[in-house]
Number of protein chains: 2
Amino acid sequence: MNISVSIYDKLKSYGFKLTRGRKLIINFFIDRNQPVSAMEIMDFLHKRKINLHKTTIYRQLEFLLELNIIRQLQFADRKKMYEIRTSDHHHHLVCKNCQKTEKVASAALETEIQTMEKDILAGSDFKNIRHSLEFFGLCRQCQ
Amino acid sequence: MNISVSIYDKLKSYGFKLTRGRKLIINFFIDRNQPVSAMEIMDFLHKRKINLHKTTIYRQLEFLLELNIIRQLQFADRKKMYEIRTSDHHHHLVCKNCQKTEKVASAALETEIQTMEKDILAGSDFKNIRHSLEFFGLCRQCQ
DNA sequence: TTGACAAATGCAACTATGTTGCATTATTAT
DNA sequence: ATAATAATGCAACATAGTTGCATTTGTCAA
């Protein structure tokens, strides 16, 4: 099944509405398949003469986060980034200068992180352990 | 040698001045030995009736970063955090709710991350690879 | 197809965090 | 004590995100 349709079905089953803006944002996330910021969503829509208010964009992001359709990332700068949630667990390699992003993944690393999370659960008072691992560097153009 | 004195010496050797504000900020970093935000520094100073302007605080942070005396971290929220640079490589376990922070470390994990960084260097166009790994959870009080 | 109802949106005003240019002050070496 | 310049303060601005409330839109049942 098409990803966007399965997301639409999920929203419908909860009783949420499929508005034009919501569909556009969801599809933008799917097509980009990369971290995007609120600003990039705004620009994308604005170029296509679709005037969704910034408040609406932020509220859609909050909404999609709550439903676990997207995840939030935090890179070096101040902006929050978001990406569509897919089953593959990956991390990012982000250019410190231009923010260009690539996905990276390593099974061995995942295993080690999972061990670490178990150790933390056992050795601290914290619950619901999650992690964020990102790599930074300078891409070819910015070197 | 005392940490703060060695930092003072470093600054002096560069020809930078040891102002009251700079010394207070450096010592706050040393004493806290934890990530702190610009706001926390301001509050700390303000409580002691020391009125350093926020511009000055931000400029000191920039300055200390450039000299590698502190490092910048980015957790889930919008604020940037900073901590004194020490030789021990560690990560953080941050409460998603109250931002309470603990240090965590694992030799096995470091090895795996280093391998990953080497792989990235070999397999991408990126140079100067660094990483950021943070764990999140809910601390005892916030569960 | 049309209402009714809740979900979603737009708008204005606001908050928090951080930045810039420039005039003034403080620290340091001599 | 003074000159040189590093550091500071201030006002104004920039950016990212938030809130309350009135209005509009999408959905479902009739």
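Reminder, nothing fancy here: chain letters follow the sequence lines and each chain counts from 1.
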> Whole Å only: how far is the NZ atom of K80(B) from the P atom of dA16(C)?
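Checked: the NZ to P distance equals 19 Å.
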> May I have the distance from Y14(A) (atom OH) to dC28(D) (atom P), rounded to whole angstrom?
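It is 16 Å, rounded to the nearest whole Å.
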> R71(B) and I84(B): which non-hydrogen atoms are nearest, and at how many Å?
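Shortest heavy-atom separation between R71(B) and I84(B) comes out as NH1-O, 4.2 Å.
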> H91(A) and E110(A): side-chain donor and acceptor closer than 3.5 Å?
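Yes, a side-chain donor-acceptor pair sits under 3.5 Å.
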> Using modelled atom types and a 3.5 Å cut-off, is there a donor and acceptor pairing between side-chain atoms of K10(B) and backbone atoms of L67(B)?
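Indeed, once roles are kept as given, a pair shorter than 3.5 Å links the two residues.
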> Starting at atom CZ of F63(B), determine the distance to atom P of dT19(C), rounded to an integer number of angstrom.
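Rounding to the nearest Å, CZ of F63(B) and P of dT19(C) are 17 Å apart.
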> Measure from CE on M81(A) to P on dA16(D) and round the result to the nearest Å.
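Checked: the CE to P distance equals 11 Å.
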> Taking only nitrogen or oxygen atoms into account, show me every contact under 3.5 Å that the protein makes with nucleotides 27-30 of chain C, one pair per line with its distance.
from	atom 1	to	atom 2	distance (Å)
dT27(C)	O2	K17(B)	NZ	3.0
dT28(C)	OP1	L18(B)	N	3.0

> Which heavy atom in I70(A) sits nearest to a heavy atom in R85(A), and how many Å separate them?
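So the two residues come closest at O-NE, 3.5 Å.
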> If I take atom OH in residue Y82(B) and atom P in nucleotide dT17(C), what distance separates them, rounded to the nearest angstrom?
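Taking atom P of dT17(C) as the reference, OH of Y82(B) is at 12 Å.
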> Between E134(B) and H92(B) (side chain of the first, backbone of the second, donor and acceptor by atom type, cut-off under 3.5 Å), is there such a pair?
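Pair found, side chain donor or acceptor close to backbone of H92(B).
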> Go through residues 29-60 of chain B and report each residue with a non-hydrogen atom lying under 4.0 Å from DNA chain C, sorted by number.
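The answer is A38(B), M39(B), K54(B), T55(B), Y58(B), R59(B).
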> Using atom CG of L64(B) as one end and atom C1' of dA6(D) as the other, report the distance to the nearest whole Å.
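Whole-Å distance recorded here is 14 Å.
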> With a 3.5 Å distance limit and no angle check, can you tell me whether Q143(B) reaches the backbone of L138(B) through a side-chain donor-acceptor pair?
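Here the side-chain-to-backbone pair exists.
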> Strictly distance-based, threshold 3.5 Å: is any side-chain N or O of E112(B) a donor or acceptor partner for the main-chain N or O of S106(A)?
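Checked: no pair found.
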> Holding to side chain to side chain contact (heavy atoms under 4.5 Å, CB included), I want the full list of residues that pass it with T55(B), two or more places apart in sequence or in another chain.
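If we apply the side chain to side chain contact (heavy atoms under 4.5 Å, CB included) test to T55(B), skipping adjacent residues, the hits are H53(B), R59(B).
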